[in-house]
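These notes are about the structure you will find just below.
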Amino acid sequence: MARVSQEHLDARRRQILDGAAICFARNGFHATSMQDVLKEVDLSAGAVYRYFSGKEALIAAIVEEVLGQVRDGFEEAALGSPPPPPDLLAATVLARILATKEFLTVDGRPAFPRLVVQVWTETLRNEELAGVLRDGYGGVRQTWGRIVQAYQDAGMMRSDMSPDHVARTMMAAVMGFLAQQALFGPVPTDVLRDGLRALMSVRDGRDATDGSQLG
């Protein structure tokens, strides 16, 4: 029997994950059956179950992959000395992730943001998946914490702020931007970049020497 190459195995696994992601983004986890996935990827049950034991395994694999991409993107940026500023960093990493998934569409719209929202919803009832999500976000938070520490060490950010608080806030900005895309349609990541840049430029008028305050 001819030996199947690792390249072929990886491509088949990728095919299954992408097809499952489209199904989940289209109809949600509960309304999607393994039969739907088999139809989407045009493979037999045996071919799919060789890689994944069922729907739960597919969901977990997709979540781990997405979180891994986010973590790796920020890890790479954290190697800079100092890292790029938050507005550029968040927008660049998110744009890169969206670009790798841009061919996944549902009704002509990107599937990835919708899939992310489906994952968040599923974690409210699935403790195992919630654990995967907690571990993944924990890793991203730690990476962002190191980035913030690098900003502070370089004198780019005030040093009396908790790196973890800043990390959580930046993650909230990225997550909120994805939620808006899922609910209201695609928006260029330049919008996130420009919005963060404007917020970073705000000065507290209450500290003005003339005693005036912002309205």
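Just so we're clear, the structure is a prediction, and the values are computed from it rather than from any experiment. What's counted below: heavy atoms across the whole structure, side chains too, no hydrogens, waters or symmetry copies.
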Output side-chain donor-acceptor pairs under 3.5 Å for residues 169-193, partner residues at least two apart or in another chain, one line each.
unit_1: T169; atom_1: OG1; unit_2: H165; atom_2: O; d: 2.9
unit_1: Q181; atom_1: NE2; unit_2: V187; atom_2: O; d: 2.7

Test your reading of the model: is there a side-chain donor-acceptor pair from [X] to the backbone of [Y], 3.5 Å cut-off?
{"X": "S201", "Y": "A198", "answer": "yes"}
{"X": "T92", "Y": "L89", "answer": "no"}
{"X": "Y151", "Y": "P84", "answer": "yes"}

Test item: T105 and R109 side chains (from C-beta on) under 4.5 Å apart, heavy atoms
no
Would you indicate whether the side-chain heavy atoms of E128 and N126 approach each other to under 4.5 Å?
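Result yes, sub-4.5 Å side-chain heavy-atom pair found.
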Any Lys/Arg nitrogen of [X] or [Y] sitting under 4.0 Å from an Asp/Glu carboxylate oxygen of the other?
{"X": "R134", "Y": "E127", "value": "yes"}
{"X": "D160", "Y": "R158", "value": "yes"}
{"X": "R71", "Y": "E64", "value": "no"}
{"X": "D10", "Y": "R14", "value": "no"}

Does the side chain of T143 come under 3.5 Å of the side chain of E75 through a donor N or O and an acceptor N or O?
yes
Looking only at side chains, do Q15 and D42 share a donor and an acceptor under 3.5 Å apart?
no
How long is the straight-line distance from NZ of K55 back to CZ of F29, given to the nearest 0.5 Å?
9.0 Å
Residue set satisfying side chain to side chain contact (heavy atoms under 4.5 Å, CB included) with A61, at least two apart, ordered chain then number -> R13, L17, F52
E76: which residues meet the side chain to side chain contact (heavy atoms under 4.5 Å, CB included) condition with it, sequence neighbours left out?
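Residues passing side chain to side chain contact (heavy atoms under 4.5 Å, CB included) with E76: R96.
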Where do L9 and R50 land on the side chain to side chain contact (heavy atoms under 4.5 Å, CB included) test, with the steps shown first?
CA-CA 10 Å; L9 294 174; R50 176 179 182 180; 3.7 Å; yes
Under a single-linkage definition using a 4.5 Å side-chain heavy-atom cutoff for Ile, Leu, Val, Met, Phe, Trp and Tyr, are V93 and L199 assigned to the same hydrophobic cluster?
no
